[in-house]
Each structure stands twice: as C-alpha cells, then as structure tokens.
Amino acid sequence: MWSDLELQDNQLSHCIHRTQENQTAGVKFILLGFSEYPELQVPLFLFFLTIYTVTVLGNTGMILVIRVNPKLHTPMYFFLSHLSFIDFCYSTVVTPKLLENLVMEDRTISFPGCILQFFFACIFVVTETFMLAVMAYDQLVAVCHPLLYTVAMSQKLCSLLVATSYSWSIVCSLTFTYFLLTLSFCGTKFINNFVCEHAAIVAVSCSDPSVSQKILFVFATFNEISNLVIFLASYIFIFITVMKMPSTGGRYKAFSTCASHLTAITIFHGTILFLYCVPTTKNSWLMVKVASVFYTVVIPTLNPLIYSLRNKYVKEAVRKLINTQLFCHKI
C-alpha cells in the first residue's frame, strides 16, 4: 500500500515538474523599460550610449593604466583594477539590451536570456559590494598600520580576498537563480523594467514566489549588513587614528586618500538601500527603474571618474601614457 502511495506521489511530482517545464519552454518576456515615454526613446538612447561609452573607456583605461605603471602595483590599485573590471562587465551585461530596446519595437527577451542576464548581473553586483568592503579594509591597514602595510596586505592575502568575493557572489547568484527556476512561467509576460531584475521576474510568475523572495531577502540582508559593519568599523578606526595625528598635513592626506572610496560606497550603497525601501507597487515602478538605471548604468561610469580625478598618481600615469602615445605617433 505504502509503495503504491509513494509511486503515485512520485508520478504526481514528475507530472508537476513536466508541466512547469512545458509552461516555461514557451515563455517570452517583454522588457517594458521606458516604453511609456515614446518621445524620450531617442534622447535616452543617446544618453545611455554616451554613458556606456564612457564606462567602457573609463574602466578599461583604468585597468590599462594600473597594469602599465609600476608605481600603481600596490594592493589598493590591485583592488581598484578588479573594481573597474566588475563595473565594465556589469554594465556590459545590462546596457546593450537596454540600448536595443530603445530603438527596436520588438522588446522581447527569451526565458533563458532573461535568466542568464539576471545570473551574471547578480554575480557582478554582489562582487562589487564585497570588493568595496575589501577596499575599506585595505584603507584601514594603510592608515592605521602604515609600517606593517606591505606585510599585512601581502599578494597572497589580496588574491585570497578577491577570490573570496568572486566565489561568494557566484554562490549567491546560483542560489537565487535555482529558486527562480523552481517557479513556473506561462505565455508572454511583461516585465516592468529594462533589466531582468529579481522582483520584476517573480512579479510575473504563475506560481507562489514567496520562497524565492525569502531566500533573496535573507542573502541580501546578510550581504548588506556584513558590508555596512565592515565599512563602519573600518572608518571609525580610521577616523580615530587620523584625529590622533599631530600634523594637519597628515590628516588632510589621510582624509583625501579615503575620500574617493567613501564617495563610491555612499553612492553605491545609498542607491541599494533606497531600492530596499521603495515598495514595488504600481506607482513606485518608475522610481525603481530610475534607481536601477543609477546603480546598473551610471555608477559603473562614476567609479573610474571618482578614483582618477581625485588621485594624483592615476592622473600622472594617464598623462605619461598619453604623452608616450603622442610621441610614438609623431615618430
């Protein structure tokens, strides 16, 4: 009797799974983006194209400058080169599809394409979150323990911190994607965003998304709180150390070194916390889209500008690189 019941249960589970697969196989998503503003499609296309061009040139340029200049082969610039790589990849995952949807009438994206976009976008946003935390720790060691900095921030430790950031982001992304794939989707669905973002995807699910939402909430809360603890602890110790410095010049130099990183943290986490606080109601989707544009498209552009404009070593390296190229061109 029990074996018959188990057999029936297995058959029912298999049928449900096959039904979900069949439903998902013919699914197409339509990214609404900013389609409710047809008169803004061309201006938005030109704006985002400009932003993306600056992002690509700025981040690849930062990586190149750091690699060719021996003075910049330090832990801080090692982390900065990875931040630039993450920003470049993150923007490349999101922006080309956004640009396509602004000039094409067909705004569809396949189910696998949408899931892949979410998967890679999630990897890079989580990695950036922890990379900024790693850079906060690097600032702490540099300001509070300058004599031990070279020993404390060894190449082995730096590589381990970077590898851990990437590894944890992959774990998070795989977990979120797995629970998304347990949901069923049917027919053609309209995603009220320009990117395949978690809240927008589960909003068009044909099944109960509560488990997937709870998993995302737990992981996202852990990531955000752990990073904020690292930031606050690091900068509290930095502030105490700087205030104990006898010379005003030393204080200014220390604060100037930390200013770029603090600016990047404030913009990035301020935008994410704002998205946390905005309820995804019908009237709030425009604010969600604007905030999503900011942290998916604009922030990857701002980071290389923030770090290059306030850093004399980067500016010197760029100047030397440009002068070298001009000299070679004249020859």
Side-chain angles (χ1 to χ4, degrees), residues 31 33 48-68 72 76-101 109-110 112-135 158-177 180 193-198 200-201 216 219-220 223-224 227 260-261 264-265 267-269 271-272 275 291-308 314:
L31 295 169
F48 289 131
L49 179 62
T50 303
I51 291 288
Y52 183 59
T53 304
V54 174
T55 300
V56 171
L57 293 176
N59 285 291
T60 54
M62 180 70 76
I63 295 169
L64 178 64
V65 165
I66 291 171
R67 288 183 68 87
V68 300
L72 302 181
M76 184 180 93
Y77 295 103
F78 174 70
F79 297 136
L80 182 55
S81 66
H82 278 278
L83 184 66
S84 294
F85 171 73
I86 294 163
D87 283 334
F88 167 74
C89 292
Y90 189 34
S91 184
T92 301
V93 167
V94 174
T95 311
K97 188 62 180 177
L98 169 61
L99 292 172
E100 178 189 331
N101 288 343
I109 182 171
S110 66
C114 190
I115 294 299
L116 278 174
Q117 188 188 59
F118 168 76
F119 175 75
F120 286 110
C122 186
I123 286 177
F124 294 121
V125 73
V126 175
T127 306
E128 176 148 354
T129 303
F130 282 92
M131 195 62 64
L132 289 171
V134 167
M135 293 173 75
C158 292
S159 299
L160 180 63
L161 290 171
V162 169
T164 303
S165 299
Y166 283 109
S167 300
W168 176 245
S169 69
I170 293 172
V171 169
C172 290
S173 188
L174 284 172
T175 304
F176 301 153
T177 304
L180 269 182
N193 211 326
F194 63 89
V195 61
C196 289
E197 184 258 339
H198 188 273
I201 296 174
L216 178 75
F219 273 79
N223 291 343
E224 195 63 22
N227 275 278
S260 298
H261 185 243
I265 288 174
I267 294 172
F268 185 77
H269 284 274
T271 307
I272 289 179
L275 281 171
S292 297
V293 163
F294 201 76
Y295 89 88
T296 58
V297 180
V298 177
I299 287 178
T301 305
L302 292 178
N303 280 340
L305 296 176
I306 290 169
Y307 283 100
S308 62
V314 173

Heavy-atom closest contact (Pro96 atom, Tyr52 atom, distance): CG-OH, 4.2 Å
If you look at every heavy atom in Cys114 and Ile201, which pair is closest and at what distance?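 Residues Cys114 and Ile201, closest heavy atoms: SG-CD1, 4.0 Å.
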Apply ring-ring contact (aromatic ring centres under 6.0 Å, His included) to Phe268 and list each qualifying residue two or more places apart in sequence or on a separate chain.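 Per chain and number, Phe268 pairs via ring-ring contact (aromatic ring centres under 6.0 Å, His included) with no residue.
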Roughly how far, to the nearest 0.5 Å, is SG of Cys196 from CG of Leu116? 10.0 Å
Measure the CG-CE distance between Asp87 and Met62 for me, rounded to the nearest 0.5 Å. 10.0 Å
Between Val293 and Phe48, is a side chain to side chain contact (heavy atoms under 4.5 Å, CB included) present by the stated rule, with each step listed? CA-CA 9 Å; Val293 163; Phe48 289 131; 3.6 Å; yes
Decide yes or no for Val195 and Lys97: does some side-chain heavy atom of the first lie under 4.5 Å from some side-chain heavy atom of the second? no
Hey, is the main chain of Leu80 close enough, under 3.5 Å, to the side chain of Ser84 for a donor-acceptor pair?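 Answer holds: yes.
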I need the Met135 CE to Leu83 CG distance, nearest 0.5 Å.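 Spacing of CE (Met135) from CG (Leu83) equals 5.5 Å.
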Please identify which of these residues, Ile123, Thr127, Val125, meets the side chain to side chain contact (heavy atoms under 4.5 Å, CB included) condition with Ile86. Thr127
Atom of Tyr77, atom of Ile66 and distance for their closest heavy-atom approach: O-CD1, 3.5 Å
Distance-minimising heavy-atom pair for Glu128 and Ile299: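 Smallest heavy-atom distance, with atoms named: OE2-CG2, 4.1 Å.
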Quick check for you: to the nearest 0.5 Å, what is the distance between Phe130 atom CZ and Asn227 atom CG?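 Answer rounded to 0.5 Å: 4.5 Å.
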Ignoring hydrogens, what is the shortest heavy-atom contact between Gln117 and Val93? Give both atom names and the distance.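 Closest pair (atom of Gln117, atom of Val93, distance): NE2-O, 3.4 Å.
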Side-chain contact test, heavy atoms from C-beta onward, threshold under 4.5 Å: evaluate it for Ile63 versus Phe88 and give yes or no. no
Would you check if the side chain of Asn101 reaches a backbone N or O of Phe194 as a donor-acceptor pair within less than 3.5 Å?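 Flag not set: sc Asn101 to bb Phe194 has no pair under 3.5 Å.
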Donor-acceptor contact present, side-chain Thr177 to main-chain Leu174, <3.5 Å: no
Taking the six-membered ring for Trp, are His198 and Phe176 parallel (under 30°), tilted (30 to 60°) or perpendicular (over 60°)?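 Plane angle over 60°, so perpendicular.
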Spacing of Ile51 atom CD1 and Leu98 atom CG [to the nearest 0.5 Å]: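 Separation between the atoms: 11.0 Å.
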To the nearest 0.5 Å, what is the distance between NE2 on His82 and CE on Met131? 6.5 Å
Distance alone, cut at 3.5 Å: any donor-acceptor contact between the side chains of Thr301 and Thr55? yes
Main-chain N/O of Val126 paired with Ser169 side-chain donor or acceptor, under 3.5 Å: no
Below 30° counts as parallel, above 60° as perpendicular, anything between as tilted: where do the rings of Phe124 and Phe120 land? parallel
Nearest atoms (heavy-atom pairs only) where Asn59 meets Pro300: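 For Asn59 versus Pro300, the nearest heavy atoms are ND2-O, 2.9 Å.
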Taking the inter-plane angle between the rings of Trp168 and Phe219 on a 0 to 90° scale, is it parallel (under 30°), tilted (30 to 60°) or perpendicular (over 60°)? parallel
Determine whether more than 12 heavy atoms belonging to other residues, nucleotides or ligands lie under 6.0 Å from atom CZ of Phe85.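 Counting neighbours around CZ of Phe85, 12 or fewer heavy atoms of other residues, nucleotides or ligands fall under 6.0 Å, so no.
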Could you check if a side-chain atom of Leu99 sits within less than 4.5 angstrom of a side-chain atom of Leu49, using non-hydrogen atoms only?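 Leu99 reaches Leu49 side chain to side chain.
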Do Cys122 and Cys172 have their SG atoms under 2.5 angstrom apart? no
